[in-house]
> 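Structure provided below as structure tokens; questions to follow.
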Amino acid sequence: MLTTERGVVEEWLSEFKTLPEASITSYAAGLKEKTSLVSALYEVIQEHQSELLEPVCHQFFEFYRSKEKNLRTFTLQFLPELIWCYLSLSTSRDLQSSGCIEALLLSIYNLEIMDEQGHSKLLSFTIPSLSKPSVFHEPSSIGSMALTEGALSQHGLARVVYSGPHPQREMLTAQNRFEVLSFLLLCYNSALNFMPAPSIRSLCHMSSRLCVCGYPRQHARKYIGVKNRIPVSSEFMVQLLTGIYYSFYNGEWDAARRALDDVLYRAQLELFPEPLLVANAIKASLPQGAIKGTKEGTKCIQVEIAPTSSRISRNAVTSMSIRGHRWKRNEQNDTSIDSSDPGNLVIPEISVTNVSGDRIGNGERVKSLTENDAQHIQAMQDICAEARAEGKPEIRRQKSVRRLMEDGMTSPGRVQC
């Protein structure tokens, strides 16, 4: 650790102890701008034998138990790195170096599971009712909602508890370790929108290292240091995937992509169904190319919201409009046949069923007449010509489709003479 970085950390430790109560709010608001302090604190956490590690962990605890939200957020941003250091030290049996980190993680856990009145905290969400409008739907746009709106409103809103109550822990053991760490990651994910870029990047790196240490992929990733396999739980990996999914759309595409592949690799080896389902769902929903996420400004996950109002055009093509258009076309064909010259043969182009039972497609030309049909039509034209030559009134003869087919004609229509 450099002397300048050490001096920055020591100044930060002494500054908060002498800070008056009235200046805490302004002090907390300016902490996120001190990038040199943040990088120096990461160096202290990564150096397990540093003598500054214990006072830094104590300072983090003082920040977190304060009522100032910015101080709690400042402490939470180092949570992924603290978890990695604790797990790596636990695997190497270095209990002396991990003692202060374990105490800090336990303190944050015990503070989060209790509310202000000292009761166990229940983390829950409410299932929205379809009878109430929301950003996703309007009750009036649902056809059958008018019949059931009154019944649904009487039942009220359903509340689902997804975490809690959690028991207090005095120490971390192999049985409760990942129960505590999973809950801490849940608290971290609830504040992801306030986390800076180094914290999100640290989460992705921690996820990759945890999932490949002790496996053949570690050599491909070129991770050095820990060579033992670090056990993980299914719930813990799901919490990791929540943060990784957020990282894709907030400027850490490459690190998130690598972390997702490593978590999926570990989930396949462990045969964990929940991480496999979540990881494959995230992978399938990603776009083809990298997203140019902004590291500044508002951070969010992109979603598509269906429109609440109906957008069906009034001129939409329906079965009735197609049927009406077909009737108009047939009427025009019949009119043109009736008004044509009696001496000419007109065969309308309409779709009917021929002798073999095959249906002719609409708009297709009628098949050419056979030789017998041509002779039959020529004889009918000769009769009409003789009648005009003798001064007899014109003969108008019309055969139905069925009559023509009985005579052996394959082409329907009206014959005029």
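No hydrogens, no waters, no symmetry mates; every other heavy atom, side chains included, goes into these values. Since the model is a prediction, treat every value here as computed from it, not as a measurement.
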> For the atom pair OH (Y188) and OG (S199), what is the distance rounded to the nearest 0.5 Å?
2.5 Å
> When rounded to the nearest 0.5 angstrom, what is the spacing between OG in S182 and CG in N176?
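Spacing of OG (S182) from CG (N176) equals 11.0 Å.
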> First locate atom NZ of K227, then atom NE2 of H219, and finally report the distance between them rounded to the nearest 0.5 Å.
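Answer for the NZ-NE2 pair, K227 versus H219, is 8.0 Å.
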> How long is the gap from CG on L82 to CD1 on I45, to the nearest 0.5 Å?
4.5 Å
> Assess whether atom CD of E15 is packed by more than 12 heavy atoms of other residues, nucleotides or ligands within 6.0 Å.
yes
> Under the side-chain contact (heavy atoms from CB on, under 4.5 Å) criterion, do C100 and L53 qualify, and how do the steps go?
CA-CA 8 Å; C100 56; L53 181 59; 3.7 Å; yes
> Measure the spacing between CZ of F178 and CG of L185 and express it to the nearest 0.5 Å.
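Spacing of CZ (F178) from CG (L185) equals 10.0 Å.
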> Can you tell me if CD on E11 sees more than 12 non-hydrogen neighbours from other groups inside 6.0 Å?
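Atom CD in E11 is not crowded, with 12 or fewer foreign heavy atoms closer than 6.0 Å.
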> Measure from the side-chain N and O atoms of S202 to the backbone N and O of P198, and report whether any donor-acceptor pair falls under 3.5 Å.
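Side chain of S202 to backbone of P198: no pair is present.
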> Quick one, F60 with I108, criterion side-chain contact (heavy atoms from CB on, under 4.5 Å). Give me CA distance, side-chain angles, the key distance, then yes/no.
CA-CA 9 Å; F60 283 154; I108 297 176; over 6 Å; no
> Under the 3.5 angstrom rule, does the side chain of N189 hit a backbone N or O of Q239 as a donor-acceptor pair?
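Checking the backbone N and O of Q239 against the side chain of N189, a donor-acceptor pair under 3.5 Å is found.
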> Closer than 3.5 angstrom, by distance alone: can the side chain of S285 be matched with the main-chain N or O of A281 as a donor-acceptor pair?
yes
> So does K283 have more than 12 non-hydrogen atoms from other groups sitting under 6.0 Å from NZ?
no
> Heavy-atom distance under 4.5 Å between the side chains of Y245 and V278, does that happen here?
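Not touching, per the 4.5 Å side-chain cut-off.
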> How long is the straight-line distance from CG of L104 back to CD1 of I101, given to the nearest 0.5 Å?
8.0 Å
> Looking only at heavy atoms, what is the nearest atom pair of L71 and S66, with distance?
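Nearest pair, atom of L71 first, then S66: CD1-OG, 3.4 Å.
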> If you count heavy atoms of other groups shown closer than 6.0 angstrom to CD of E270, is the number above 12?
yes
> Ignoring hydrogens, what is the shortest heavy-atom contact between L241 and A279? Give both atom names and the distance.
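Shortest heavy-atom contact: CD1-N, 3.8 Å.
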> Classify the angle between the aromatic ring planes of F74 and W12 as parallel (below 30°), tilted (30 to 60°) or perpendicular (above 60°).
tilted
> Tell me if a side-chain donor or acceptor on N280 pairs with a main-chain N or O of L276 at a distance below 3.5 Å.
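Yes, the answer is positive, given that a donor and an acceptor are paired below the 3.5 Å cut-off.
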> Does any non-hydrogen side-chain atom of N193 lie less than 4.5 Å from one of Y246?
yes
> Looking only at non-hydrogen atoms, find the nearest pair between V9 and A40 and report the distance.
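Smallest interatomic distance, heavy atoms only, reads CG2-CB, 3.7 Å.
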> Search all heavy atoms of Y265 against all heavy atoms of C211 and return the closest pair with its distance.
CD2-O, 4.4 Å
> Can you name the residues that form a side-chain hydrogen bond (donor to acceptor under 3.5 Å, both in side chains) with Y223, not counting sequence neighbours?
none
> If you measure from the Lys or Arg side-chain nitrogens to the Asp or Glu carboxylate oxygens, is any gap between R72 and E112 under 4.0 Å?
yes
> For the pair W253 and S247, evaluate side-chain contact (heavy atoms from CB on, under 4.5 Å) and give the outcome as yes or no after the intermediate values.
CA-CA 7 Å; W253 176 274; S247 304; over 6 Å; no
> Contact between F272 and R266 at the side-chain level, heavy atoms closer than 4.5 Å - yes or no?
no
> With no hydrogens and no angle check, is any side-chain donor or acceptor of E102 less than 3.5 Å from a backbone partner on L172?
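Here the side-chain-to-backbone pair exists.
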> Considering only heavy atoms from C-beta outward, does the side chain of L87 approach that of M206 to under 4.5 Å?
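Side chain of L87 against side chain of M206, heavy atoms only: no contact under 4.5 Å found.
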> Take Q77 and F194 through the test side-chain contact (heavy atoms from CB on, under 4.5 Å) and record every step on the way to the result.
CA-CA 9 Å; Q77 70 175 316; F194 304 101; over 6 Å; no
> Are R169 and E179 ion-paired here, with the side-chain N under 4.0 Å from a carboxylate O?
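Answer for the salt bridge query: yes.
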> Would a 4.5 Å heavy-atom cut-off, applied to side chains only, mark F63 and N70 as touching?
no
> Do R177 and E235 sit within salt-bridge range, that is, some charged N less than 4.0 Å from a carboxylate O?
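The answer is no: the pair does not qualify as a salt bridge.
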> I need the minimum non-hydrogen distance between M237 and A267, along with the two atoms involved.
CE-N, 3.8 Å
> Below 6.0 angstrom between ring centroids: does that apply to W84 and Y42?
no
> Below 4.5 Å, heavy atoms only, C-beta onward: do D261 and R221 meet side chain to side chain?
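Yes. Closest side-chain heavy atoms under 4.5 Å.
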> Determine the minimum heavy-atom distance between T242 and L192, stating which atoms define it.
O-CD1, 4.3 Å
> Quick one: is the NZ or CZ of R229 closer than 6.0 Å to the six-membered ring centre of Y215, and within 45° of its axis?
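That pair qualifies as a cation-pi contact.
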> Decide yes or no for V226 and R209: does some side-chain heavy atom of the first lie under 4.5 Å from some side-chain heavy atom of the second?
no
> Within a strict 4.5 Å, meaning less than it, do heavy atoms of the E47 and L52 side chains meet?
no
> Are the side chain of S88 and the backbone N or O of C85 linked by a donor-acceptor pair below 3.5 Å?
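Here the side-chain-to-backbone pair exists.
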